[in-house]
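Following: one structure in structure tokens, then a few remarks.
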Protein chains: 2
Amino acid sequence: MSSTRDIDALIELMAKLPGLGPRSARRAVLHLIRKRALLLTPLADTMQQVAATARECLNCGNVGTSDICDICESEKRANGELCVVEDVADLWAMERSGVFKGRYHILGGTLSALDAIGPQELRIPRLLDRVQSEGITEVILALNATIDGQTTAHYIADQLDGQVKLTSLAQGVPIGGELDYLDDGTITAAMRARKNI
Amino acid sequence: MSSTRDIDALIELMAKLPGLGPRSARRAVLHLIRKRALLLTPLADTMQQVAATARECLNCGNVGTSDICDICESEKRANGELCVVEDVADLWAMERSGVFKGRYHILGGTLSALDAIGPQELRIPRLLDRVQSEGITEVILALNATIDGQTTAHYIADQLDGQVKLTSLAQGVPIGGELDYLDDGTITAAMRARKNI
């Protein structure tokens with residue numbers, strides 16, 4: 001079907017997105033064609049815009065449209081607190097909660113012997129620089145509670161030991177969580193870190 | 001965050017696709033930004049292309065890039081068989097199987113008293129025209145095995161009664177299907193339509 005080549009190409013590209021397979025990509029493309037003015041054209045324009053302007057912040061690794069991201073540039077956020085996360089998605093999650101008012105540092109992954117990812121492959125040297133140069137007083141290690149995440153946290157803690165206050169996120173029962181559905185590790189952590197009422 | 005406005009807009013638009021919510025849209029957008037040259041730019045270009053060229057076939061309702069689609073134009077497919085489906089996605093599913101060599105007619109939905117969709121809202125008048133003008137000998141009603149689909153099939157069968165051979169897809173056990181997981185209706189249909197070995 002030569003005249004539908006573009007449509008087939010679009011389906012193939014959409015199927016490469018995480019969370020979409022060939023079937024859902026076809027469904028999405030049909031939806032896009034039906035809502036051409038409302039969705040397809042704006043989406044194409046915005047993608048072109050983002051492709052032209054998106055870049056990594058040279059300082060913290062956040063995704064934005066300038067060399068230094070808004071968070072790094074904002075004077076309001078220079079409160080001496082630095083939150084270390086694995087990924088831009090983690091930064092977004094923290095920002096949605098609105099609880100943290102300092103700056104971030106995105107590692108871009110975790111240390112992994114299997115995948116040959118050492119400190120140089122991550123943004124760890126830059127983190128050590130920043131702690132010195134930005135007058136950081138507290139580094140919050142907000143890495144995922146996975147084995148790789150915790151290994152990375154331990155490595156960074158070793159590197160920064162004695163230079164700065166080091167903290168990590170509390171572990172325990174999530175808000176709205178039901179004990180019956182929690183894994184043993186979480187219950188153990190919550191029990192050990194129990195607090196007075 | 002003014003400088004990430006485009007990225008936020010992209011997430012918002014992506015979240016409107018079927019099968020994606022806010023969370024998976026964020027994941028998809030991060031993936032797109034990371035694979036800018038390989039995925040984001042080609043996707044934006046292809047979308048623009050499709051937005052500019054995609055249109056409905058005036059004859060059958062198929063989606064393509066010309067006024068008359070490839071299937072309607074192909075002389076090879078003028079074998080007198082017309083397969084009536086609800087939706088473009090159904091046509092695509094039939095074409096993937098490769099079993100049907102005739103032409104299609106896409107209704108664009110099913111009759112529905114609740115949603116006030118009558119024959120005029122669907123491509124039914126055009127179907128009746130085509131049966132006359134294209135020398136159709138067999139109409140295959142390949143509508144979904146839902147109540148609305150079957151109601152629509154009955155209505156069309158009434159309209160075409162006596163003019164043309166009318167068939168519908170066989171009902172029974174799907175290939176690879178396990179009896180234990182099939183619903184009662186399917187087993188009943190398969191039992192009633194049982195065949196000699």
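Just so we're on the same page: letters track the sequence lines, and every chain starts at 1. Because only heavy atoms are used, hydrogens play no part in the values below, and waters and symmetry mates are left out as well, while side chains stay in. Only a predicted model underlies this, so the values are computations on that prediction, with no experimental measurement involved.
Interatomic distance, CD1 of B:Ile156 versus CD of B:Gln159, reported as 8.5 Å (0.5 Å rounding).
Summarising the geometry of B:Asn59 relative to B:Glu134, their closest heavy-atom pair is ND2-OE2, 3.3 Å, with the distance given to 0.1 Å. When every heavy atom of A:Met47 is checked against every heavy atom of B:Ala44, the shortest pair comes out as CB-CB, 3.6 Å.
Taking B:Val29, B:Thr41, B:Thr46, B:Leu20 one by one and counting their heavy-atom pairs under 4.5 Å with chain A, the maximum is reached by B:Thr46. Interface summary for chain B: among A:Ala93, A:Gly19, A:Pro18, the most heavy-atom pairs under 4.5 angstrom belong to A:Pro18. Of the listed residues (A:Val63, A:Leu30, A:Asp87), the one with the most heavy-atom contacts under 4.5 Å to chain B is A:Leu30. Here B:Leu43 is the residue among B:Leu17, B:Leu32, B:Leu43 with the most heavy-atom pairs under 4.5 Å with chain A. Looking only at heavy-atom pairs under 4.5 Å with chain A, the residue among B:Ala54, B:Ala52, B:Ser74, B:Ser24 that has the most is B:Ala54.
A distance-only check finds a donor-acceptor pair linking the side chain of A:Gln150 to the backbone of A:Asn144 [under 3.5 Å].
Within the 4.5 angstrom heavy-atom criterion, only side-chain atoms of A:Arg36, from C-beta onward, approach chain B. Looking at B:Ile33, the atoms closer than 4.5 Å to chain A (heavy atoms on both sides) all sit in the side chain, from C-beta outward. Only the side chain of A:Arg34 comes within less than 4.5 Å of a heavy atom in chain B; its backbone stays farther off.
By the 4.5 Å heavy-atom criterion applied to side chains, B:Arg96 and A:Pro22 are not counted as neighbours. The shortest side-chain heavy-atom distance between A:Lys35 and B:Lys16 does not fall under the 4.5 Å cut-off.
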